[in-house]
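Take a look at the structure below.
Just so it is clear: chains get the letters A, B, ... in the order the sequence lines come, proteins before strands, and each one is counted from 1. Just so it is clear, the values below take in all heavy atoms, side chains as well, and ignore hydrogens, waters and symmetry mates.
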Amino acid sequence: MPNGTTMKSELAALITAALEQLVSQGVLAELPDAAPQIDRPKDSSHGDLSCNVAMVLAKRVGMAPRDLASQLIEALPKNTLIDSSDIAGPGFINFFINPGHHTEVVRSILEQGSSYGHSETGAGRRVQVEFVSANPTGPLHVGHGRGAAIGDSLSRLLEATGWSVHREFYYNDAGQQINNLALSVQARAQGKDPAHPDWPTDGYQGGYIEDVATAYVAGETVQAADREITAASDVDNLDAIREFAVACLRREQDQDLKAFQVVFDEYFLESSLYDSGAVEETVSTLEQAGHTFEEQDALWLRTTDFGDDKNRVMRKSEGGYTYFVPDVAYHHNKWQRGFERVINEQGADHHSTITRVRAGLQGLNSGIPEGWPEYVLHQMVTVMREGAEVKLSKRAGSYVTLRDLIDWVGCDATRYFLVARAPTSQLTFDVDLALARSNENPVYYIQYAHARCASVLRKAGEDNRANPHQGLAYLHCLVEPETLALAISLGRFPEVVAIAAERLEPHDVANYLRELAADFHSFYNAHKVLEGAAETTKARLALVAATRLVIANGLELLGVSAPESM
RNA sequence: GCGGAAUUAGCUCAGCUGGAUAGAGCGUCGGUCUACGAAACCGAAGGUCGCAGGUUCGACUCCUGCAUUCCGCGCCA
């Protein structure tokens, strides 16, 4: 099987050929506009693949679905893919695939190795994924962790499907929140605590503020991914405190991300948009395009022209810009950088900005498509431990940090749990479940399957048994139901990756891996790999090697490690 | 009130963009190791897919109402 083709696409080609045949016979007036839909039936007695095209077309042709189905089967070209086919229910055509085709994937997998499952649909086009984008006012919390896990996995999926991916982290380094941060650090440096009468309104109360203040007074030097600052130690110099505090928290977040094994290509500063004049330029372009008006001393953008439910203020009566103006400038900058696609992974609480940003971009008349950029929004995360919700962290004070989770359950389990659920559903992170070492914990379940594969292969190597590739000559020995079921699952992987990337849903991969691990464990318990006839053993070793590769490739897409032993 | 998300087994969640008898894991009950790793496997029980209509060959899936939960809704970011 060549890279990129699947059983489904081979079957689709056969069915299309049959439809063309029916057109030439005059049974059909024309080909349907869409490609025939092919599904994997849930019930294996319904075959390996099924097609509903007869039911879809029947009405238009004026034939009974089952009659049309039967003519379609007659018209199928000769092939080695289909073992048999039948018509079932209201007019499904069920196809039973030649078992040899199922086990042939083992050959493809061993040949393609770490690239098995990958495709070139992105064709090297450029996509930017922006995620986390936390302001440097505190450690990353679990919500940021979910964003990091999803955003990074999305990036990996897009890379695996041929896109050229740019990972970006955007942060506000100059706004009101940063001012609060500086004031809070200053207050701490002056020996005040949150109970003090002069403690700043909206000041940050987390314990980390005190650490920053201590470091500032001590004149320490901090180094973050995108900056390095030495403290001035002067308690009255608010600008110096601000710069130092931002650097401290940037470093803190860098360390969190490093512990989470997430890496960015670029950190983009909101302040740079002011420095470069991009914000002013955005405003004047919108004004010139006639999308703005003045009212009550403020400048408004007519976002209602672009689907918003009310117009939005751009420049406040006191002269400053509202937050969405630099947001629009930022996204215009992304467009100018040539990203065909931009995907923003954010918490669902940012939902309301989508319409505004898109409206602002449309108003610029830069040829930006209406649905650009794309958004993946994730819902809230709550953390449970010992049956109760955890709401406080020692370090951050008011919320549970990402680092807390990593410390409790490790990077692998944290990443898996945060990425394994649909972003649209609220997530309950059960710390005790993530720590469990049994199949109630899917991370260990999948990793254990990988370690088992590695163990068998190791054992075969020690005994001087065959190299897994030798088994490729004996794939016909793979015949038992559990064995074929495993091979079929291995063959699904490319589809799973393609669909997950297309729908921007990394959790598809997590679910698939769980199912694959279950198929492997069933196979493993039913059939001894190393204790059969020589040819069967060789074939099974090839199957195990292929399974190990697919699990490793899948875990890689989630950013979870694939251990050789546990 | 407006907008978004959600509602599926006792619990945590899938459900391949409309297919056939709605699936996993945990939990419960019952079986499998002098072991290619039992961190596993096999089996059983467990469901009015929130409610009511609609669309059609066919609805957990799409549409319209209603209910409940979460999140947003400032000249805050």
TODO: Output the residues of residues 523-539 of chain A in contact with RNA chain B, where contact means a heavy atom of the residue under 4.0 Å from an atom of the strand; sort by number or write none.
DONE: Tyr524(A), Asn525(A), His527(A), Lys528(A), Val529(A), Leu530(A)
Open item on the list: Of the listed nucleotides (A20(B), C36(B), A40(B)), which one gets closest to any side-chain atom of Arg452(A)?
Closed with: A40(B)
Open item on the list: Base, sugar-phosphate or nothing for Ala422(A)? Non-hydrogen atoms, less than 4.0 Å.
Closed with: sugar-phosphate
Open item on the list: To check you understand the geometry: which heavy-atom pair defines the closest contact between Leu555(A) and Ser561(A), and what is its length?
Closed with: CD1-O, 3.6 Å
Task: Glu505(A): partners by salt bridge (Lys or Arg N to Asp or Glu O under 4.0 Å), with sequence neighbours left out - done: Arg503(A)
- [ ] Search all heavy atoms of Cys453(A) against all heavy atoms of Arg548(A) and return the closest pair with its distance.
- [x] CB-CB, 3.6 Å
TODO: Determine whether the side chains of Thr303(A) and Asp308(A) contain a donor N or O and an acceptor N or O closer than 3.5 Å.
DONE: yes
Task: Any Ser50(A) side-chain N or O less than 4.0 Å from OP1/OP2 of A20(B) - done: no
TODO: Using a 4.0 Å cut-off on protein heavy atoms (strictly under), produce a 5'-to-3' string for nucleotides 68-77 of chain B with B for base contact, S for backbone-only sugar-phosphate contact, and - for none.
DONE: --SSSS-BSB
TODO: Report which part of the nucleic acid Arg492(A) touches: base, sugar-phosphate, or nothing (heavy-atom distance under 4.0 Å, all strands).
DONE: nothing
- [ ] Go through the N and O atoms of the side chain of Asn94(A) and the base of A20(B), and report whether any donor-acceptor pair is under 3.5 Å.
- [x] yes
- [ ] Identify, with sequence neighbours excluded, every residue that meets salt bridge (Lys or Arg N to Asp or Glu O under 4.0 Å) alongside Glu374(A).
- [x] Arg341(A)
- [ ] Based on the glycosidic angle (syn within 90° of 0, else anti), state the conformation of U17(B).
- [x] syn
Task: Shortest non-hydrogen contact between Arg540(A) and Glu480(A), atoms and distance - done: NH2-OE2, 2.7 Å
- [ ] Between C41(B), A20(B), A14(B), spot the one nearest the side chain of Ser522(A), thanks.
- [x] C41(B)
TODO: Just jot down the ring-ring contact (aromatic ring centres under 6.0 Å, His included) partners of Phe306(A), sequence neighbours excluded, or say none.
DONE: His291(A)
Open item on the list: Rounding to an integer number of angstrom, what distance separates A20(B) and U61(B) when you compare their C1' atoms?
Closed with: 15 Å
Open item on the list: Under 4.0 Å from OP1 or OP2 of A24(B): is there any side-chain N or O of Tyr512(A) that close?
Closed with: no
Open item on the list: What's Ser425(A) touching, base or sugar-phosphate or nothing? Going by heavy atoms closer than 4.0 Å.
Closed with: sugar-phosphate
TODO: Just need the stems in RNA chain B: three or more back-to-back Watson-Crick or G-U pairs, each with both distances under 3.5 angstrom, sorted by first number.
DONE: B:1-7 with B:67-73, B:10-13 with B:23-26, B:28-32 with B:40-44, B:50-54 with B:62-66
Task: No-H, no-angle donor-acceptor pair, Asn52(A) side chain to G19(B) base, under 3.5 Å - done: yes
- [ ] Name the nucleic acid region contacted by Ala451(A), choosing base, sugar-phosphate or nothing; use a 4.0 angstrom heavy-atom cut-off, strictly under.
- [x] base
TODO: Would you classify Ser565(A) as touching base, sugar-phosphate or nothing, given that sugar-phosphate means primed atoms plus P, OP1 and OP2, and contacts are heavy atoms under 4.0 Å?
DONE: base
- [ ] Measure from the side-chain N and O atoms of Ser85(A) to the backbone N and O of Phe95(A), and report whether any donor-acceptor pair falls under 3.5 Å.
- [x] no
Task: Rounded distance in Å between the C1' positions of C49(B) and C13(B) - done: 13 Å
Open item on the list: Would Tyr448(A) count as stacking on A40(B) if stacking means ring centres less than 5.5 angstrom apart and planes tilted under 30 degrees?
Closed with: no
Task: First encountered from the 5' end of RNA chain B, between Pro90(A) and Val456(A) - done: Pro90(A)
